[in-house]
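In what follows, a structure is listed as structure tokens, so that the remarks can point back to it.
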Number of protein chains: 2
Amino acid sequence: MVDTEKIRKRGRPRAFDREAALETARSLFHAHGYEGVGVAALAEAMGINPPSLYAAFGCKAALYDEVLARYDAAAAPLHALMQLGADPAVTLPQLLREAAHIYAADPQMAGCLVLEGARSADPDAACRARNWLDLGRGRIRDFIACTHPQKADVVADYVAAVMSGMSADARAGHPPERLAAIADMAALAIRAMLAPTPA
Amino acid sequence: MVDTEKIRKRGRPRAFDREAALETARSLFHAHGYEGVGVAALAEAMGINPPSLYAAFGCKAALYDEVLARYDAAAAPLHALMQLGADPAVTLPQLLREAAHIYAADPQMAGCLVLEGARSADPDAACRARNWLDLGRGRIRDFIACTHPQKADVVADYVAAVMSGMSADARAGHPPERLAAIADMAALAIRAMLAPTPA
DNA sequence: CATTTTATATAGCGGTCGGTACATAATTCT
DNA sequence: AGAATTATGTACCGACCGCTATATAAAATG
């Protein structure tokens with residue numbers, strides 16, 4: 001095996017767990033949004049000082065980007081729903097229901113981190129979040145394209161829009177059942193759109 | 001007629017047009033969001049100094065609330081679509097298409113001022129925007145309840161969620177046609193849900 | 001006229017923002 | 001043992017935040 005073990009670098013070793021710090025940042029960003037959390041609050045929650053944060057992550061936006069990457073990776077089980085051979089008319093409604101449940105499950109971290117970040121007033125944060133959002137939408141599109149190449153773009157846009165609306169409702173404090181009802185109604189359009197040769 | 005004319009009050013008269021100032025504020029809030037515009041920038045765009053702004057509007061959040069009220073009033077033509085006797089299965093798709101067009105028409109003021117404000121990280125601004133949002137959602141619900149009382153809540157939530165998603169897409173720079181396609185697909189669920197006695 | 005009332009402009013309040021200069025501590029390399 | 005490299009804590013930067021104290025100017029009222 002190639003030794004990809006953590007080979008000690010040359011200077012003073014970092015005194016905090018980088019992954020744990022990212023997890024702390026994720027929690028704060030999820031609870032208060034990108035602009036709702038300052039660097040000082042992030043550093044304090046991590047148990048470090050601002051210079052250590054900047055040395056480890058570069059700048060606030062770069063830290064945010066790493067958090068988004070981890071968030072995207074953690075959503076792998078959701079992406080796993082969309083497997084080759086699966087029927088989008090069945091899977092996408094499941095995806096919406098899952099999202100509805102996740103978004104409203106924990107009121108302290110309501111909504112989707114990426115979707116909410118994509119609406120940030122900070123252009124840097126919004127741009128980075130939208131990159132991850134486009135990536136996720138691309139996954140949905142490609143999944144649909146396997147069976148319905150013509151409608152893949154529209155349906156992917158639609159699914160993303162519904163998820164964005166549910167995320168906003170979750171942040172407004174709406175209960176899970178209310179989001180689930182939206183997801184189920186949205187599924188009607190998906191099934192109608194993806195019906196086997198409607199004409 | 002009762003003289004509701006502008007009777008000169010007792011002190012030094014205001015040196016700027018209050019309505020024009022509100023319109024300026026609306027434009028700035030619409031372009032950059034509540035937190036993206038500072039009081040200094042608002043005052044400068046109005047051609048006044050901060051103390052005059054505070055004397056006229058109270059505080060930033062109160063000014064924002066007045067702007068939202070004007071925005072809601074300006075949307076009266078949209079609300080007029082939902083008239084007594086109209087068929088929700090026809091009117092709501094029209095509403096979504098109109099919204100899609102309006103949201104993406106001017107890239108400098110993309111999306112819905114109320115829907116975007118409802119996601120603000122500032123709790124005061126978000127609360128005020130959500131009040132106006134609930135009012136608008138109530139209008140949709142009441143309109144649906146005329147013909148489909150059982151499904152009014154769900155369908156209203158769904159329509160609002162789709163509009164919220166379209167608003168986010170508009171702010172991300174998506175072209176009007178892309179939003180319109182989402183609106184049209186969303187209409188499928190509305191017609192399916194409101195179909196005349198499907199069983 | 002003087003008084004009262006309201007709006008204005010200047011200047012600045014305390015606080016937070018993202019980010020850093022600096023000296024020091026801890027580690028590896030020579 | 002040094003030298004080189006990296007991380008850390010203290011203390012602070014200028015810029016902006018929402019907001020206001022103060023004095024003055026412009027109007028109605030007496």
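Proteins get letters first, then strands, A, B, ... in listed order; numbering begins at 1 in each.
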How would you list, by chain and number, every residue that makes a side-chain hydrogen bond (donor to acceptor under 3.5 Å, both in side chains) with [X], sequence neighbours excluded?
X	answer
A:D134	A:R137
B:Y158	A:Y158
B:D184	B:R97
A:H79	A:R139

Rounded to whole Å, how long is the line connecting atom [atom1] of [X] with atom [atom2] of [N]?
X	N	atom1	atom2	answer
B:N49	D:dC19	CG	P	17 Å
A:L53	C:dC17	CG	P	13 Å
B:R14	D:dA27	CZ	C1'	14 Å
B:F57	C:dA7	CZ	C1'	13 Å
B:Y54	D:dG18	OH	P	6 Å
A:I48	D:dT10	CD1	P	13 Å
A:R18	D:dT8	CZ	C1'	16 Å

Can you list every pair that meets salt bridge (charged side-chain N to carboxylate O under 4.0 Å, His left out) and has a residue in residues 103-118 of chain A, with sequence neighbours left out? A:E116-B:R119
Pairs where residues 159-168 of chain A contributes a residue and the test salt bridge (charged side-chain N to carboxylate O under 4.0 Å, His left out) is met, not counting sequence neighbours: none
Is the backbone N or O of [Y] less than 3.5 Å from a side-chain atom of [X], with the two atoms forming a donor-acceptor pair by type?
X	Y	answer
B:T91	B:D87	yes
A:K151	A:M193	yes
B:R128	B:D65	no
A:S52	A:I48	no

Are B:V155 and B:I140 packed together at the side-chain level, in the sense that at least one heavy-atom pair is separated by less than 4.5 angstrom? no
Before giving the answer on side-chain contact (heavy atoms from CB on, under 4.5 Å), spell out for A:E66 and A:F57 the whole-Å C-alpha distance, their side-chain angles and the decisive distance to 0.1 Å. CA-CA 8 Å; A:E66 282 203 54; A:F57 302 107; 3.6 Å; yes
Short N/O separations, protein against nucleotides 25-28 of chain C, under 3.5 angstrom:
{"residue": "C:dA25", "atom": "N3", "partner": "A:R12", "partner atom": "NH1", "Å": "3.1"}
{"residue": "C:dT27", "atom": "O2", "partner": "A:R10", "partner atom": "O", "Å": "3.0"}
{"residue": "C:dT28", "atom": "OP1", "partner": "A:R8", "partner atom": "NH1", "Å": "3.0"}
{"residue": "C:dT28", "atom": "O4'", "partner": "A:R10", "partner atom": "O", "Å": "3.1"}

Taking DNA chain D as the partner, which of residues 20-46 of chain B come within under 4.0 angstrom of it by heavy atom? B:V37, B:G38, B:V39
Between residues 58-66 of chain A and DNA chain C, which residues have a heavy-atom gap below 4.0 Å? A:C59, A:K60
Phosphate oxygens OP1/OP2 of D:dA7: is one of them under 4.0 Å from a side-chain N or O of A:S52? no
Please list all pairs meeting ring-ring contact (aromatic ring centres under 6.0 Å, His included) that have one or both residues in residues 26-54 of chain B, counting only residues at least two apart or in different chains. B:F29-B:Y34, B:F29-B:Y64, B:H30-B:Y71, B:Y34-B:Y64
Identify each atom pair where a protein N or O and an N or O of nucleotides 12-15 of chain C are less than 3.5 Å apart, giving names and distance.
none

Please enumerate all residues that pass ring-ring contact (aromatic ring centres under 6.0 Å, His included) together with B:F143, with sequence neighbours excluded. none
Given D:dG18, C:dG18, C:dT8, identify the nucleotide with an atom nearest to the side chain of B:F16. C:dT8
